Amino acid sequence: ANENAIDVGVSSSSTAGSSKRKILVVDDEPDILLTLDAILSEQGHYVKTFDNPAEALSHLTSGINNNEVITPYYDLIITDYRMPGSGITGLDLAKQVKKYSSAKGTKTKVFLMSASVNAWSLPEEFIEALKPGIVDEIIQKPISSDKLIAIIEESQIRDIERKRIP
């Protein structure tokens, strides 16, 4: 009986109107990973978490094999900006992901989370990142689960509307 439940989940996620997403979350704080995993999984999304941006990046680019791309694909990557000790920021990760995503012709979105940001004073590098579309959203931490869900849903609606425009 359990297998049927899984089948149903998989088939419903491939229907056109469905809003199930593959989401990768990167943050060096385990409690934030657990919280986001719980919130997003509850919404029916497939979630994978990493506490290290370098590991996340090697996971994302792992499947290059004789030009045959068997890489894991994600619709959305939510990453923290500052992850001390990792030697790579969320913005670095975003740039790599976008470069990789455009090379493969996929459309992975990146949301950058930061506790040191508000709408009135974005650091210069964040403003730069928003311009060429390296980062799709900048999220201020802490964020309520309702607000995070709303931001993800709004971004999906924009995608659907874009597809409709010939």
Side-chain angles (χ1 to χ4, degrees), residues 10 13 19-119 121-145 147-156 158-159:
V10 169
S13 70
S19 59
K20 306 289 174 262
R21 292 262 159 128
K22 280 189 75 179
I23 302 175
L24 183 76
V25 183
V26 188
D27 199 306
D28 59 342
E29 295 176 51
D31 54 338
I32 289 178
L33 290 179
L34 283 170
T35 306
L36 292 181
D37 190 356
I39 293 165
L40 299 169
S41 299
E42 201 175 286
Q43 293 295 306
H45 300 295
Y46 167 86
V47 184
K48 186 158 181 69
T49 61
F50 280 93
D51 60 5
N52 178 311
E55 280 174 26
L57 197 57
S58 69
H59 166 71
L60 286 166
T61 56
S62 60
I64 305 169
N65 180 3
N66 307 332
N67 290 334
E68 210 180 308
V69 184
I70 44 169
T71 45
Y73 169 72
Y74 290 89
D75 299 293
L76 173 62
I77 293 169
I78 301 175
T79 177
D80 191 19
Y81 173 62
R82 284 192 63 224
M83 292 173 272
S86 65
I88 168 173
T89 68
L91 199 51
D92 297 331
L93 179 66
K95 286 175 184 167
Q96 293 290 336
V97 165
K98 289 292 175 157
K99 198 167 85 181
Y100 194 69
S101 167
S102 67
K104 280 177 17 190
T106 56
K107 295 259 185 288
T108 301
K109 292 195 158 194
V110 181
F111 291 2
L112 189 66
M113 293 189 299
S114 176
S116 60
V117 52
N118 59 52
S121 66
L122 279 180
E124 189 60 40
E125 56 185 332
F126 283 24
I127 295 164
E128 285 306 305
L130 282 166
K131 279 183 202 162
I134 291 164
V135 172
D136 298 280
E137 297 277 350
I138 290 176
I139 295 171
Q140 186 179 354
K141 284 166 80 175
I143 184 166
S144 73
S145 53
K147 193 166 182 194
L148 181 64
I149 290 161
I151 291 170
I152 292 170
E153 282 173 1
E154 279 165 29
S155 117
Q156 287 176 301
R158 282 199 300 271
D159 287 352

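What you are looking at is a predicted structure, and each value in this text was computed from that prediction instead of being measured.
- Between the side chain of T89 and the main chain of Y81, no donor-acceptor pair closer than 3.5 Å is present.
- Residue L24 comes nearest to A56 through the heavy atom pair CD2-CB, 4.3 Å, listed as atom of the first residue, atom of the second, then distance.
- The heavy-atom pair separating A94 from V135 by the smallest distance is CB-CG2, 4.0 Å.
- The two residues D31 and T35 have their closest heavy-atom pair at O-OG1, 2.7 Å.
- In terms of heavy atoms, I39 sits closest to S145 at CD1-CB, 3.3 Å.
- Salt-bridge formation is detected for the pair D27/K141: a Lys NZ or Arg NE/NH1/NH2 atom is positioned less than 4.0 Å from an Asp or Glu carboxylate oxygen.
- Remark: side-chain polar atoms of S86 are paired, donor with acceptor, to backbone N or O of M83 under 3.5 angstrom.
- Atom NZ of K107 and atom OG of S102 lie 8.5 Å apart (nearest 0.5 Å).
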- [ ] Start with the C-alpha distance between Q43 and E153, add both sets of side-chain angles, then the distance that settles side chain to side chain contact (heavy atoms under 4.5 Å, CB included), and finish with yes or no.
- [x] CA-CA 11 Å; Q43 293 295 306; E153 282 173 1; 4.1 Å; yes

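- Here D80 contributes atom CG and I32 contributes atom CD1; the two are 6.5 Å apart, rounded to the nearest 0.5 Å.
- Counting heavy atoms from C-beta outward, L36 and M113 have side chains that approach closer than 4.5 Å.
- Annotation: side chain of T79 is in contact with side chain of V110 (closest heavy-atom distance under 4.5 Å).
- Surrounding CZ of R82 are at most 12 heavy atoms belonging to other residues, nucleotides or ligands under 6.0 Å away.
- Distance check: L40 CG to I23 CD1 gives 4.5 Å after rounding to the nearest 0.5 Å.
- Heavy-atom contacts from other residues, nucleotides or ligands closer than 6.0 Å to CD of E29 number more than 12.
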- [ ] Before giving the answer on side chain to side chain contact (heavy atoms under 4.5 Å, CB included), spell out for F111 and I77 the whole-Å C-alpha distance, their side-chain angles and the decisive distance to 0.1 Å.
- [x] CA-CA 6 Å; F111 291 2; I77 293 169; over 6 Å; no

- [ ] Kindly determine whether K48 and K22 satisfy side chain to side chain contact (heavy atoms under 4.5 Å, CB included), including the steps that lead there.
- [x] CA-CA 8 Å; K48 186 158 181 69; K22 280 189 75 179; over 6 Å; no

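- Here E137 contributes atom CD and L148 contributes atom CG; the two are 10.0 Å apart, rounded to the nearest 0.5 Å.
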- [ ] Please assess L60 against E55 for the test side chain to side chain contact (heavy atoms under 4.5 Å, CB included), listing each intermediate value before the final yes or no.
- [x] CA-CA 9 Å; L60 286 166; E55 280 174 26; over 6 Å; no

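- The ring of H45 has its center no closer than 6.0 angstrom to the ring center of Y74.
- Counting heavy atoms from C-beta on, the side chains of I151 and I143 come closer than 4.5 Å.
- What you find for D28 and P84 is that their closest heavy atoms are OD2-CD, 3.2 Å.
- Within the model, atoms OH of Y46 and CG of D75 stand 12.0 Å from one another, a figure rounded to the nearest 0.5 Å.
- Here the CD atom belonging to Q96 is positioned 8.5 Å from the OG1 atom belonging to T61, to the nearest 0.5 angstrom.
- T49 places no side-chain N or O within donor-acceptor distance of the main-chain N or O of L33, the cut-off being under 3.5 Å.
- Across every non-hydrogen atom of V25 and V47, the tightest pair is CG2-CG1, 4.0 Å.
- Side chain of K98 to backbone of L93: no donor-acceptor contact under 3.5 angstrom is found.
- Between D92 and L57, every side-chain heavy-atom pair lies at or beyond the 4.5 Å cut-off.
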